[in-house]
Amino acid sequence: MSNSKFNVKYCVLLPIVLIVTIFLWVMPISWFGIAALTVVQQRVIALFVFAALMWIFEIIPNWTTSLLVITILLLTVSTKGIGFLCDPQFGVLMKPARIMSSMADPVVMLFLGGFVLAIMAERYGLDVVIARALLKLFGTNPRFVLLGFLLIIAVFSMFMSNTATAAMMLTLLAPVLSKLPVDDKGKIGLALSIPVAANLGGIGTPIGTPPNATAKGYLEQAGIDVTFGEWCAHMIPYVLIMLVVAWIILQIFFPFKTKELRLEIPANDKKKDWKYVLVWITFIGTILLWATEQITKINSNIVAFVPLAVFTATGLFGKEEIKEINWNVLWLVAGGFALGYALQDTGLAKVLIEAIPFGEMSVVLVIVIAGLVCYFLSNFISNSATAALLIPILIVVAAGMADPAAASHSSFMAFGGTQAMIIFIATCASIAMLFPISTPPNAIASSTGLVETKDMARVGIVIGIVGFIFGFFWLTKIFPF
């Protein structure tokens, strides 16, 4: 780090972050204008702002910010924290075990298994075979290689876990990334294609991501049936258009220096012994289990333990190999989960949502405000948790607005009806991808070491704005239900 950057970060940015955080921490609760807010929830708000600013400016490594957040949560909002700060009169406190469990969340374990798989694939030459196959499939133009990855990742994400898709595609994309020149910005675009396509692809089908399933479930409970085919007919075109937008954005932000991707990949000279065969079998088996989760019913997080168990039990993965795991990313993700747990367990998320008077707003305002709230929360807590909090409230609001006597504004159905509102909210959950902690696919892209938080944030905000505006008109104007 140059001296000038060091001075700006520690002499300018850090004081600003600390001043803002302390200000939010010590202000009277009444200043926030939220009647039901507690002192504990106020602390969580301050920590959210602190974490977001620290991640954006990268004043200290992102994973250390996560560890700092976990420590402060344990000390100030847990039942076993600092005595005079952690009095139940200040609000609902968290169990320390709940905060610590963020470091062993099932998704963190999925990352661990994915890293092990990638390490072994490289060690035994699978990356060479995969790189050859992919480059043959997509041709030699880096721009079309990028488009190919966007499309393939999106298609997988429509039918399997976004996280599992991203973990799988990191293994496939890594050899291509490693062969591009160090100074080629296109590498960043390729790395970001993983979360962008995984997050967008999940929007295409009702089973593509948990918020979609939540939306469909609550619609059915309200007596509104949206079939699998109807969902796909509306949302797959949206996904394809957004993928083209993402393709253009990634090329503008991260243009390829390499004009032709002709990689001189050496032939695989690894010894074809039982270890080589075992790695191939485990690799293929893990990918198949991830891809067939809907059939086997084996959770993708559990599948991630298969390579870890096989390779350690057979002695292929030992104490030397474990050093190669990207532990920084695991700590980073854990901090994101800890913040998400705090938002939910202290009741802050519910308080923030219930503080918004949806019933007094016009249809357009309800959809826009609810979408923005969903987008904001989904950048910090799980998409499925955000949808589970928002959608039940909006179903009730939508039912009231569907009654002409309940609203003096233009007809609710003119804006696409309840289906459009609820599916739009599910979509907003999926386009939230500002930080490495926003979604597991984002964290996976961060694990490549090529993507800085500021790069992820600027791509995420552009895709978020375009996806939000386009999604609103797509669902409520162009193709109303």
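- Taking every heavy atom of both residues into account, Leu372 and Phe468 meet most closely at N-CE1, 3.6 Å.
- Enclosure of atom CH2 in Trp331 is not indicated, since only 12 or fewer non-hydrogen atoms of other residues, nucleotides or ligands lie within 6.0 angstrom.
- The distance from the CZ atom of Phe424 to the CD1 atom of Ile367 is 7.5 Å, given to the nearest 0.5 Å.
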* List the steps and the verdict of side-chain contact (heavy atoms from CB on, under 4.5 Å) for Leu219 and Thr418. => CA-CA 8 Å; Leu219 285 170; Thr418 303; 3.9 Å; yes

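- Annotation for Phe337: atom CZ counts as buried by contact number, over 12 foreign heavy atoms lying within 6.0 Å.
- Side-chain contact between Leu330 and Ile325 is present, with heavy atoms from C-beta onward closer than 4.5 Å.
- The CG atom of Leu190 sits 10.0 Å away from the OG1 atom of Thr448 when rounded to the nearest 0.5 Å.
- Thr286 has its side chain out of reach of Phe305: every pair of non-hydrogen atoms, C-beta onward, lies at least 4.5 Å apart.
- Two residues are said to be in side-chain contact when any heavy atoms from C-beta on lie closer than 4.5 Å; Pro206 and Lys216 meet this criterion.
- A pairwise comparison of heavy atoms in Ala198 and Ser157 identifies CA-OG, 3.2 Å as the closest pair.
- Within the 4.5 Å cutoff, the side chain of Val239 has heavy atoms near those of the Met158 side chain.
- At least one side-chain heavy atom of Ile391 sits under 4.5 Å from a side-chain heavy atom of Ile425.
- The six-membered or imidazole ring of Tyr238 lies near that of Phe470, with a centre-to-centre distance under 6.0 Å.
- Two rings, from Phe283 and Tyr124, have their centers 6.0 Å or more apart.
- In plain terms, the two heavy atoms of Gly464 and Ile431 that are nearest each other are O-CD1, 3.6 Å.
- For the atom pair CG (Leu475) and CD (Gln419), the distance works out to 10.5 Å, reported to the nearest 0.5 Å.
- Put simply, CZ on Phe435 and CG on Leu339 are 11.0 Å apart, with the number rounded to the nearest 0.5 Å.
- For the pair Met235/Thr205, no side-chain contact is recorded, criterion being any heavy-atom separation below 4.5 Å from C-beta on.
- Proximity of a side-chain donor or acceptor of Trp231 to a complementary backbone N or O of Ile203 within less than 3.5 Å is detected.
- Between atom CD1 of residue Ile16 and atom CG of residue Leu53 there is a gap of 9.5 Å, rounded to the nearest 0.5 Å.
- None of Asn199, Asn379, Asn383 except one satisfies the side chain to side chain donor-acceptor pair (under 3.5 Å) rule with Ser438; the exception is Asn379.
- Taking both residues in full, the closest heavy atoms of Ile153 and Met169 are given as CG1-CG, 3.4 Å, listed atom of the first, atom of the second, then distance.
- Shown here for Leu243 and Ala197, the closest heavy-atom pair between the two residues is CD2-CA, 4.1 Å.
- For Thr282 against Pro307, the heavy-atom pair with the smallest separation is CG2-CA, 3.7 Å.
- The distance from atom CZ of Arg143 to atom CD1 of Ile248, rounded to the nearest 0.5 Å, is 9.5 Å.
- The residue from Leu146, Leu147, Ile152 that alone fulfils the side chain to side chain contact (heavy atoms under 4.5 Å, CB included) condition with Ser193 is Leu146.
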* Can you list the steps and then say if Leu434 with Met456 is a side-chain contact (heavy atoms from CB on, under 4.5 Å)? -> CA-CA 6 Å; Leu434 286 180; Met456 185 172 287; over 6 Å; no

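- Using the six-membered ring where Trp is involved, Phe380 and Phe48 have ring planes that are perpendicular, over 60° apart on the 30 and 60° scheme.
- Contact check for Ile241 versus Trp474: side-chain heavy atoms found under the 4.5 Å cut-off.
- Using a 4.5 Å heavy-atom cutoff, the side chains of Tyr375 and Thr386 are not in contact.
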* Stepwise, does the side-chain contact (heavy atoms from CB on, under 4.5 Å) test hold for Phe57 with Thr453? -> CA-CA 8 Å; Phe57 296 136; Thr453 303; over 6 Å; no

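- Of the possible donor and acceptor atoms, none in the side chain of Asn328 sits under 3.5 Å from a partner among the backbone N and O of Trp63.
- Side-chain atoms of Ser446 do not come within 3.5 Å of backbone N or O of Asn442 as any donor-acceptor pair.
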* To do: Apply side-chain contact (heavy atoms from CB on, under 4.5 Å) to Asn162 and Thr439, showing your working.
  => CA-CA 9 Å; Asn162 295 353; Thr439 69; over 6 Å; no

